[in-house]
Amino acid sequence: MAKKNSPPMWVSQNFLTSAKTIWRIIRKTSITTSDHIVEIGPGKGHITSALTQASKKVSAIEIDKALYDKLLYKYEAINNLKLYNQDFLKWNLPAGGQYKVFANIPFSHTTSIIMKLTSANNPPSEAWLVVEKGAAKRFMGIPRENARSLFLKPQFDMRVIYHFAREDFHPMPGVDVVLLHIKMKAPHDIPHPQWRRYQNFITNATKNNGTGLMHLFSKKQWTRARKLAGINDQHSAEILYIQWLCLFRCYCNYTNQ
């Protein structure tokens with residue numbers, strides 16, 4: 001028996017169709033007419049149209065062939081738009097030069113897309129992503145820091161800059177949706193030569209629900225590090241990002257690992 005064809009990815013997406021709403025959120029960004037914008041999953045092109053007017057150049061990556069063909073026809077006269085019929089997760093980000101990202105992404109691919117953008121050799125200077133509110137909070141370390149937020153924060157600032165109404169989308173999502181702004185820090189909070197050590201520190205510290213942290217120090221070192229970081233509660237889940245930085249610096253000073 002022949003297998004049924006899988007539905008295209010856009011079937012599970014929630015589209016923004018109101019030009020008024022789209023322009024409202026674009027005006028909350030730093031996008032200018034000198035910018036190169038990468039759009040992930042343009043879908044039916046509602047956001048694409050505004051981006052081509054607001055920026056110098058748009059690179060839009062659409063995985064669905066039927067939608068891609070429609071976009072080619074719809075925007076054949078737009079000179080500052082380059083369309084790609086590819087899976088964004090396999091598409092090569094710009095190797096050089098500054099660019100920004102603006103996208104209403106499939107919620108099921110949020111983690112993969114953010115990790116691709118933030119781990120790139122040439123990451124975007126800024127990105128604005130339409131994501132589930134719960135996912136945005138996890139990446140921002142709310143209500144408490146986690147391994148993923150601690151890996152991102154030394155290099156990127158993250159904040160929610162817009163809260164959508166569910167009625168803004170078609171079809172209407174069953175979750176709250178926000179616009180997450182991700183901006184590269186300059187300089188980074190962790191110097192490049194120490195980055196691998198920081199990653200190992202966070203990986204080991206957050207093991208076993210955070211109990212791994214105390215095992216990275218001797219009892220005397222841990223008491224001193226906690227005092228310097230201003231930590232009263234020993235459980236790592238209650239530690240603020242700035243305190244994590246202090247603990248890492250103590251770890252570098254106290255240990256030879």
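Here Asn80 contributes atom CG and His36 contributes atom NE2; the two are 10.0 Å apart, rounded to the nearest 0.5 Å. The distance from the CD1 atom of Ile61 to the CH2 atom of Trp91 is 4.0 Å, given to the nearest 0.5 Å. For the atom pair CD of Glu39 and CG of Asn104, the computed distance is 8.5 Å after rounding to the nearest 0.5 Å. Distance check: Ile40 CD1 to Leu129 CG gives 6.0 Å after rounding to the nearest 0.5 Å. A distance of 4.5 Å separates CZ of Arg148 from OG1 of Thr111, quoted to the nearest 0.5 Å. Put simply, CG on Asn208 and NE2 on His215 are 7.5 Å apart, with the number rounded to the nearest 0.5 Å.
Closest approach of Glu62 to Asn85, counting heavy atoms only: O-ND2, 3.0 Å. Residues Phe169 and Asn14 come closest through the heavy atom pair CD2-O, 3.5 Å. In terms of heavy-atom proximity, Ala127 sits nearest to Leu117 at CB-CD1, 4.5 Å. Heavy atoms only, all atoms of each residue included: Leu16 and His46 are closest at O-CB, 3.3 Å. For the residue pair Pro106 and Ile113, the shortest heavy atom distance occurs at CD-CD1, 4.4 Å. Across all their heavy atoms, Leu93 and Lys116 have their closest contact at CD1-O, 3.9 Å.
Arg226 contributes a side-chain N or O that, together with a main-chain N or O of Asn232, makes up a donor-acceptor pair within less than 3.5 Å. Side chain of Tyr75 to main chain of Gly45: a donor-acceptor pair is present (N/O by atom type, distance under 3.5 Å, no hydrogens or angles). Using a distance-only test at 3.5 Å, with no hydrogens or angles considered, no donor-acceptor pair links the side chain of Asp35 to the main chain of Ile37. Remark: the backbone N or O of Phe139 is not paired with any side-chain donor or acceptor of Lys153 at under 3.5 angstrom. Within the 3.5 Å criterion, the main-chain N or O of Ala95 finds no donor-acceptor partner in the side chain of Asn121.
Ring pair Phe201/Tyr198 is tilted by interplanar angle, where 30° to 60° counts as tilted. Taking the six-membered ring for Trp and thresholds of 30 and 60 degrees, Tyr251 and Phe217 have ring planes more than 60 degrees apart, a perpendicular arrangement.
With contacts defined as side-chain heavy-atom distances shorter than 4.5 Å, the pair Trp195/His188 does not qualify. For the pair Asp176 and Arg166, the minimum side-chain heavy-atom distance is below 4.5 Å. Between Asn200 and Arg196, some side-chain heavy-atom pair lies under the 4.5 Å cut-off. With a 4.5 Å cut-off on side-chain heavy atoms, Ile47 and Phe102 count as touching. The closest side-chain heavy-atom distance from Pro42 to Leu71 is below 4.5 Å. Residues Met172 and Glu167 have side chains in contact (heavy-atom distance under 4.5 Å, counting atoms from C-beta outward). Taking the side chain as every heavy atom from C-beta outward, Phe248 and Arg197 approach each other to under 4.5 Å. Contact of the Lys44 side chain with the Leu67 side chain is registered, since non-hydrogen atoms from C-beta on lie closer than 4.5 Å.
Both Met184 and Val160 belong to a single network of hydrophobic side chains, linked directly or stepwise wherever heavy atoms of I, L, V, M, F, W or Y lie under 4.5 Å apart. The cluster map of Ile, Leu, Val, Met, Phe, Trp and Tyr, joined by side-chain heavy atoms under 4.5 Å apart, puts Met158 and Leu245 in different clusters. A single hydrophobic cluster is not seen to contain both Phe107 and Ile182; linkage of ILVMFWY side chains at heavy-atom distances under 4.5 Å, directly or through other members, places them apart. The hydrophobic clustering, which links ILVMFWY residues whose side-chain heavy atoms are closer than 4.5 Å, places Ile231 and Ile202 together. Cluster membership check: Trp128 does not share its hydrophobic cluster with Ile114, using side-chain heavy-atom separations under 4.5 Å among Ile, Leu, Val, Met, Phe, Trp and Tyr.
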Test Val177 against Asp168 for side-chain contact (heavy atoms from CB on, under 4.5 Å), laying out the working first. CA-CA 10 Å; Val177 183; Asp168 289 334; over 6 Å; no
I'd like to know whether Trp222 forms a side-chain contact (heavy atoms from CB on, under 4.5 Å) with Cys250, so could you lay out the CA-CA distance, the side-chain angles of the two residues, the decisive distance to 0.1 Å, and finally the verdict. CA-CA 9 Å; Trp222 176 235; Cys250 290; over 6 Å; no
Using the rule given for side-chain contact (heavy atoms from CB on, under 4.5 Å), can you reason through Glu145 versus Ile239, listing the C-alpha separation, both sets of side-chain angles and the distance that settles it, and then say yes or no? CA-CA 7 Å; Glu145 301 293 352; Ile239 300 174; over 6 Å; no
In sequence, state the C-alpha distance, the side-chain angles, and the governing distance for Phe88 and His109, and then conclude on side-chain contact (heavy atoms from CB on, under 4.5 Å). CA-CA 10 Å; Phe88 173 75; His109 293 271; over 6 Å; no
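Around the NZ atom of Lys185, the shell of radius 6.0 Å holds more than 12 heavy atoms that belong to other residues, nucleotides or ligands. Taking a 6.0 Å sphere around NZ of Lys74, one finds it holds more than 12 heavy atoms contributed by other residues, nucleotides or ligands. Atom CZ of Arg24 sits in a crowded spot, with more than 12 heavy atoms from other residues, nucleotides or ligands closer than 6.0 Å. Counting non-hydrogen atoms of neighbouring residues, nucleotides and ligands closer than 6.0 angstrom, the CD1 atom of Ile161 exceeds 12 such neighbours.
Residues Glu126 and Ser30 bring a donor and an acceptor atom of their side chains to less than 3.5 Å of each other.
In this structure, Arg224 satisfies the cation-pi test against Tyr254, with its NZ or CZ atom closer than 6.0 Å to the six-membered ring centre and inside 45 degrees of the ring normal.
Between Tyr241 and Trp244, the ring centre distance reaches or exceeds 6.0 Å.
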